[in-house]
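Worksheet for the structure shown next.
Computed from a predicted structure; not experimentally measured. The sequence lines fix the lettering, A, B, ..., with proteins before strands; numbering per chain opens at 1.
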Number of protein chains: 2
Amino acid sequence: MNGVANLSRKEQVIRSAAELFKEKGYAASSMRDLAQKLGIEAASLYSHIKSKEEILQTLCFDMAAEFRDSLDKVEKQNVSASEKLSMGIIGHVNVMARDLTASAVFMNEHRHLSNPHLRDFLLLRINYINRFKAIIEQGVASGEFKRNIDTKLAVMTLFSSLNWMPMWYSPEGSIEPKELGQQLANMLVNGLKQN
Amino acid sequence: MNGVANLSRKEQVIRSAAELFKEKGYAASSMRDLAQKLGIEAASLYSHIKSKEEILQTLCFDMAAEFRDSLDKVEKQNVSASEKLSMGIIGHVNVMARDLTASAVFMNEHRHLSNPHLRDFLLLRINYINRFKAIIEQGVASGEFKRNIDTKLAVMTLFSSLNWMPMWYSPEGSIEPKELGQQLANMLVNGLKQN
DNA sequence: CCTACCGATCGGTAGG
DNA sequence: CCTACCGATCGGTAGG
């Protein structure tokens, strides 16, 4: 009945679930594992959430919305394609760094969504990828990027490296999200080779 | 008792399992699912394999060995770092393209290995990554690559995009493995920017 | 948030 | 490769 307390406890459940799902995978995580993390009985979880999958839905769609919002802001900027690409990458890394655990779940566990949620999720994702692809194509059209690059390969390489960051990136390390995003953008745009 | 027939049937089991694990994930795949794919009863699987995890071990370690062998050959070549990097990438893509299903399992499902197998697998993987990193560092040392690149970021970006290929690459498409490997290498070395 | 419990399904074995 | 079966565990509900 207490909305605030319920919400707060629900958030604790979701956060703990994210850690569990990241560590063991969604399918291998049991509600009893989750309850134990929180020091309660499994049955008690259901006063905060409707089902195991509802937790996954919350995690996946909340992250998707944050990524989309980040790219919305970038697209409004009136800058060159390489700058836009940089800003998009930095934005993505920033969103990820804010919650690396949820990001890892977003990337690795979304396939356990049932339909129609899975279908909706995949539509959001392909849309997000296509917006990055459009930025690269703008760069090709304007002559900023090479004419002969494979834009699909380019965008999948970008998206892959963004998706894998939660696996190895630690914000406690020396490099900050903005710096990491800038370096990745720089590497993709300018390459490794000495010029 | 018939070694050849047994081996062949075992291989069918492992191949079907790879498809199932790729599609649903290891934990969400049941031995009854697998048996159904093969048109037999679940209990009958155990005349060909010892356990569910044994299948995963076979898939993961066989792929790991193929990737390692491919890189072995590249390291023996007496060529520049960027050529070595190219050849390493092409080799990796070739191994992957030979069995995209097993590659996807290798990438996504290895974490369900139990110890000591998981530990062994992760050691093989970090070793493989470090050998690519060494190639990049050679390029930096020789002046072929920029002095100020973040080699960890570079190698993780490379490894990420290699790992994600099974998710989107189809060899039935227009681009062949060798061509794909060359384009990826070219993109990482030379970047997207028009020079 | 708990106790008590449900039907379904899991990986795997015995014995043929 | 099958029938018959095991103990364990699963997500979730009833009722308080």
Any-strand Watson-Crick or G-U partner of C:dG16, both distances under 3.5 Å: D:dC1
Candidate nucleotides D:dC1, C:dG11, D:dA14, ranked by approach to the side chain of A:A43 - the nearest: D:dA14
Whole angstrom value for the distance that separates P of C:dC1 from CD of A:E41: 11 Å
Nearest-nucleotide pick for A:S51, side chain only, options being D:dT3, D:dG12, C:dG11: D:dG12
Among C:dC1, C:dG12, C:dC5, the one nearest A:R32 by side-chain distance: C:dC5
Residue list, salt bridge (Lys or Arg N to Asp or Glu O under 4.0 Å) with A:R98, at least two apart or on another chain: A:E66
Integer-rounded Å distance: C:dG12 C1' and B:Y46 OH: 5 Å
d(CZ, B:F21; C1', C:dG11) in whole Å: 12 Å
Nearest-angstrom distance from the residue atom CD of B:E54 to C1' of C:dG11: 14 Å
Side-chain N or O of B:S30 closer than 4.0 Å to phosphate OP1/OP2 of C:dC10: yes
Short side-chain N/O contact to D:dC2 OP1/OP2 from B:S44, under 4.0 Å: yes
Whole angstrom value for the distance that separates P of D:dG11 from NE2 of A:H48: 18 Å
Option passing side chain to side chain donor-acceptor pair (under 3.5 Å) with B:Y128 (candidates B:H92, B:K133, B:R68): B:H92
Any-strand Watson-Crick or G-U partner of D:dG7, both distances under 3.5 Å: C:dC10
Expected output: side-chain A:K24 to main-chain B:H112 donor-acceptor under 3.5 Å: no
Ring centre gap for A:F121 and A:F106 strictly below 6.0 Å: yes
